[in-house]
Chemist: 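Submitted below is the structure of interest, expressed as structure tokens.
Quick caveat: nothing in here was measured; it's all calculated off a predicted structure. All chains are named by letter (A, B, ...) in the order of the sequence lines, taking the proteins before the strands, and each is independently numbered beginning at 1. The analysis underlying the following values was restricted to heavy atoms, covering all of them including side chains, and did not include hydrogens, waters or symmetry mates.
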Amino acid sequence: MAAAGPSLFSENEEETAPYLKTLNEEQRKAVLTTEGPVLMLAGAGTGKTRALTTRLAHLLNTGRAQPWQILAVTFTNKAAREMKDRIAALVGDHVEGMKWLGTFHSIGAQILRRHAELAGLKSSFTILDADDQTRLAKQVIEAANIDEKRWTGRGLAMVIDGWKNRGLTPDKVPANEAYHFADGKGIDLYKAYQARLTTLNAVDFGDLLVHNLTIFQNNADVLEEYQRRFRYMLVDEYQDTNVAQYLWLRLLAQKHKNICCVGDDDQSIYGWRGAEVENILRFEKDFPGAEVIRLERNYRSTPSILGAASGLIEANKERLGKTLWTDAEDGEKVKVRGVWDGEEEARLICDDIESEQSKGRALSDMAVLVRASFQMRAFEERFNTLGLAYRVVGGPRFYEREESRDALSYLRLIRSSDDDLAFDRIVNKPKRGLGDKALQVLHKIARAQGVPLMAAARIALESDDLHAAARRSLVNFVDTVDRWARDAKDMTPADLAELVLEESGYIEMWKNSKSPQVPGKLDNLKELIQAVSEFDTLEGYLDHVALVSELSEDTGDGQIWLMTLHAAKGLEFPVVFLPGWEEEIFPSKRSLDEKGNAALEEERRLAYVGVTRAEESCRISFAANRQIYGRWQTAIPSRFVDELPEEHVDVVSEPGLYGNSASDLASHSSFDGAKLREDAYYDNPGWRRARASGARPASSPPLLEGRAKTVSVSAPGASKFSKGQRVFHQKFGYGKIQSIEGQKLTVEFEHSGPKKVIDTFVEAA
DNA sequence: TGTTCTCTGTTTTTT
DNA sequence: ACAGAGAACA
């Protein structure tokens, strides 16, 4: 297939191109509507990537655009890689010409390198990561003499990030937001932070976009160059764009207006990072004449899974609304299981996994998706005792680990002696007798003379400011770094990395440490050298790692997947386990406290993402008790459980979970009908026998009839207790009721202090 | 400079 | 419960 030059097809043939044949009606429309703004609303599992890559291939094949005239942006490197691979499958080598296919940040960096001087930078600028950013922010706070206890570097970095996400340079931050940080000093600190970045010839992630915006706004000619170049634009995961990215896209799209945004408002789960669902909700207003194409036919899941997910997401108010449908045959219903505690939950899920495995299901076809990473531990422990192979996605990133960052700092300092953050990090690591005292001297000189620390070190060596020991050590350090910089010219980067880690004593430092993590760290350093060896130049490698935080992933064959719901977006598995559906965990209490209803809707979208990952089987569970931060907490089932439509769900709840033993039944007069029926069901001989033998009841329990439309496993209603009453709790002992909120009581326990408990857990004392 | 202690903040984290 | 940071102390 050729891409260059005029179309290979006549008007008529275009519509019959072979790659269009496998698409459904909507997908075809999404491919063939090439001109003008298009919003492709693609629900989970509707073949979005296929539509999107075919669209790009079509633009190339019909000669509508040359590969370098297409801007295609994604959020992750992984998504960019996948898109590239799939386009290559359709158009072959022409994909290599698509130099504007990448993440927002990598494309922003490319553009910024070409016009760095317009942002007051040299084109060799370094890109700081989150850790550098925090340390820089901390330095800024220190320099401003602000109480570092109350106002942390991390806090400032977050505030600045928030502004950058909204495309705000210091002069544009609304005055009424000045008081968000350090009693009104926020904006000044932001200015100081930017000034430091300029001196360091560095940018943070947010700057990659914000500098682009400033350049475009102040240099019409530059903007126009790019507007002309990008005849077609394509944006993946549009629901996750922040304001800065939105502004960037809108500026670039003004000329040709051929922008196609693909997304799903129901899967917007990064609001806490500055993503604005409003961007997608507003698309038709922003781009008049936009064509909205809905992909609603789902190729992934069974009707029950889709039905459960749809019912759940319907509780959200702020959405464009889609109805997913499928031709697939009815499968099993979504299973909901209530258990006693987190440990049991892990045990039962692992039982299920093993039973699936014995039926011939591959481990890599199953995934456990959790809300927060602390929930992973219970599963890892259980997997380990059973000897089940598993694979955690996410977790500590390779390039964020201490040893990776140290090694990179050595390399950065060799590349550029101006890299103060790198200097700071490794000048005394391993210990070279260059402690706080010596560093203070260097910092003072650097600040006074406006030079980098390395230069300050040379100046200090000319003076009498340092003790003899420190001086000897510093001479040695400076000379060694100089020598490495010379060596770097005629060595491969990998050899250099190896040499540096040896000669610096860095490897030795770890070998001498008795920390149990040492073998892992040494392995990581070897892996890092391995990664370096894939690059021809040091610059190339450092530039790569600045924008990529993970090594390329190995495949998870023969392993169960364990990851957070966020990490699972975009993936699919035949069997999905969703543990921990309890109030305060999911939806997470913290996000609700911070952002209220908006956060609740986002949590609900997260639940929706979780359910829609499943192809055949989706198993939700909740525990009545859970250990969090070392303390036992009682929990009630998540409201999301209640929101699942009854007809698509099977509920299995153990007896005794919520104070429903026979004796409790007699004393709890306030239970409503649904609760009674649930208890009555489990208080039968069949269930008891099933429990005793460790098996599940022969048939699934009947759905509860107390509610017309949704499942109910919690028992709402007025509490039978009153404020001030003395009560007894099995775990916490005696206490006095402080306040009552429906079923939730706040009790001041005599031995363990104030706690929130569910009223069925306590009895009058 | 190294060790031990106390305090604090513990959701998600594509770049 | 627990890790990481910072302070106190040897």
Chemist: Quick one: Met376(A) CE to dT13(B) C1', roughly how many Å, whole number?
Modeler: 12 Å

Chemist: Measure CG/Asn212(A) against C1'/dT15(B) and give the value in whole Å, please.
Modeler: 14 Å

Chemist: Using a strict cut-off of less than 4.0 Å between a Lys/Arg side-chain nitrogen and an Asp/Glu carboxylate oxygen, indicate whether Arg639(A) and Glu583(A) qualify as a salt bridge.
Modeler: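 Result for this pair is yes, salt bridge flagged.
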
Chemist: Between Ile269(A) and Leu208(A), name the one whose nearest nucleotide on DNA chain B is closer to the 5' end.
Modeler: Ile269(A)

Chemist: For Lys431(A), answer base if it contacts any base atom (sugar-phosphate contacts may also be present), sugar-phosphate if it contacts only those atoms, and nothing otherwise; contact means non-hydrogen atoms under 4.0 Å.
Modeler: sugar-phosphate

Chemist: In whole angstrom, give the distance that lies between atom CG of Asn165(A) and atom P of dT15(B).
Modeler: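 Going from CG in Asn165(A) over to P in dT15(B) covers 15 Å.
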
Chemist: Regarding Glu82(A) and Lys78(A), does a basic nitrogen lie under 4.0 Å from an acidic carboxylate oxygen?
Modeler: no

Chemist: By the 4.0 Å heavy-atom rule, please label Gly433(A) as base, sugar-phosphate, or nothing.
Modeler: sugar-phosphate

Chemist: Are any of the side-chain nitrogens in Glu237(A) or Lys48(A) under 4.0 Å away from the carboxylate oxygens of its partner?
Modeler: yes

Chemist: Could you tell me the separation between the CD atom of Glu602(A) and the P atom of dT11(B), rounded to a whole number of Å?
Modeler: 16 Å

Chemist: Write down the distance between CD (Glu237(A)) and P (dT15(B)), rounded to a whole number of angstrom.
Modeler: 13 Å

Chemist: Just say parallel, tilted or perpendicular for the rings of His544(A) and Phe535(A), cut-offs at 30° and 60°.
Modeler: tilted

Chemist: Would you check if the side chain of Ser591(A) reaches a backbone N or O of Ala599(A) as a donor-acceptor pair within less than 3.5 Å?
Modeler: no

Chemist: NA contact type, Tyr270(A), heavy-atom cut-off 4.0 Å: base, sugar-phosphate, or nothing?
Modeler: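 Answer is base: heavy atoms of Tyr270(A) come under 4.0 Å of a base.
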
Chemist: From dT11(B), dT15(B), dT13(B), pick the nucleotide closest to the side chain of Ala567(A)?
Modeler: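 In terms of side-chain proximity for Ala567(A), the closest of dT11(B), dT15(B), dT13(B) is dT13(B).
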
Chemist: Tell me every residue that passes side chain to side chain contact (heavy atoms under 4.5 Å, CB included) with Ala309(A), counting only those two or more places apart in sequence or in another chain.
Modeler: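 Result, side chain to side chain contact (heavy atoms under 4.5 Å, CB included) vs Ala309(A): Tyr608(A), Val611(A), Thr612(A).
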
Chemist: With a 4.0 Å cut-off on N to O distance, would you call Asp424(A) and Arg135(A) a salt bridge?
Modeler: no

Chemist: Using a cut-off of 4.0 Å on non-hydrogen atoms, how would the nucleic acid contact of Gln133(A) be classed: base, sugar-phosphate, or nothing?
Modeler: nothing

Chemist: Counting the atoms with a prime plus P, OP1 and OP2 as sugar-phosphate, which does Thr564(A) contact under 4.0 Å by heavy atoms, base, sugar-phosphate, or nothing?
Modeler: sugar-phosphate

Chemist: Go nucleotide by nucleotide along DNA chain B from the 5' end; which of Leu434(A) and His566(A) gets its closest nucleotide reached first?
Modeler: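 Taking each residue's closest nucleotide, the earlier one in sequence belongs to Leu434(A).
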
Chemist: Which atom pair, heavy atoms only, marks the closest approach of Ser404(A) to Phe398(A)?
Modeler: OG-O, 2.7 Å

Chemist: Given dT15(B), dT13(B), dT11(B), identify the nucleotide with an atom nearest to the side chain of Trp272(A).
Modeler: dT13(B)

Chemist: Enumerate the protein-to-nucleotides 8-10 of chain B contacts in which both atoms are nitrogen or oxygen and the separation is below 3.5 Å.
Modeler:
| residue | atom | partner | partner atom | Å |
| --- | --- | --- | --- | --- |
| dT10(B) | O5' | Arg590(A) | NH1 | 3.1 |

Chemist: Under 4.0 angstrom, heavy atoms only, what part of the nucleic acid is Asp240(A) near: base, sugar-phosphate, or nothing?
Modeler: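 The answer is base, as Asp240(A) lies within the cut-off (heavy atoms under 4.0 Å) of a base atom.
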
Chemist: According to the Watson-Crick and G-U wobble definition with distances under 3.5 Å, which dot-bracket string, read 5' to 3', encodes DNA chain B, using [ ] for crossing pairs and | for pairs with another strand?
Modeler: ||||||||||.....

Chemist: Between the protein and nucleotides 5-7 of chain B, which nitrogen or oxygen pairs are less than 3.5 angstrom apart?
Modeler:
none

Chemist: Salt bridge (charged side-chain N to carboxylate O under 4.0 Å, His left out) with Glu403(A): which residues, sequence neighbours excluded?
Modeler: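 If we apply the salt bridge (charged side-chain N to carboxylate O under 4.0 Å, His left out) test to Glu403(A), skipping adjacent residues, the hits are Lys521(A).
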
Chemist: Can you tell which of dT11(B), dT1(B), dT15(B) lies closest to the side chain of Asn428(A)?
Modeler: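 Of the options given, the side chain of Asn428(A) lies nearest dT1(B).
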
Chemist: Whether Lys429(A) and Glu402(A) form a salt bridge (side-chain N of Lys/Arg under 4.0 Å from carboxylate O of Asp/Glu) is what I want to check.
Modeler: yes

Chemist: Between dT11(B) atom P and Met158(A) atom CE, what is the distance in whole Å?
Modeler: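 The distance from CE of Met158(A) to P of dT11(B) comes to 11 Å, rounded to the nearest Å.
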
Chemist: Over how many whole Å does the gap from Arg371(A) atom CZ to dT13(B) atom C1' extend?
Modeler: 11 Å

Chemist: Among Lys164(A), His105(A), Gln133(A), exactly one meets side chain to side chain donor-acceptor pair (under 3.5 Å) together with Asp207(A). Which residue is that?
Modeler: Lys164(A)

Chemist: With the threshold set at 4.0 Å, does a side-chain nitrogen-carboxylate oxygen contact exist between Glu276(A) and Arg166(A)?
Modeler: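 No, Glu276(A) and Arg166(A) are not salt-bridged.
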
Chemist: Base, sugar-phosphate or nothing for Lys138(A)? Non-hydrogen atoms, less than 4.0 Å.
Modeler: sugar-phosphate

Chemist: Atom CZ of Arg81(A) and atom C1' of dT15(B): how far apart are they, to the nearest Å?
Modeler: 13 Å

Chemist: Salt bridge check: are Arg425(A) and Asp132(A) linked by an N-O gap of less than 4.0 Å?
Modeler: no

Chemist: Could you check whether the rings of Trp100(A) and Tyr226(A) sit parallel, tilted or perpendicular, using 30° and 60° as the cut-offs?
Modeler: perpendicular

Chemist: Decide, yes or no, whether a salt bridge links Glu380(A) with Arg377(A) under the criterion of side-chain N to carboxylate O below 4.0 Å.
Modeler: no

Chemist: Between which nucleotides of DNA chain C, read 5' to 3', does contact with chain A run, using atoms under 4.0 Å from its heavy atoms?
Modeler: dA1(C) to dG6(C)

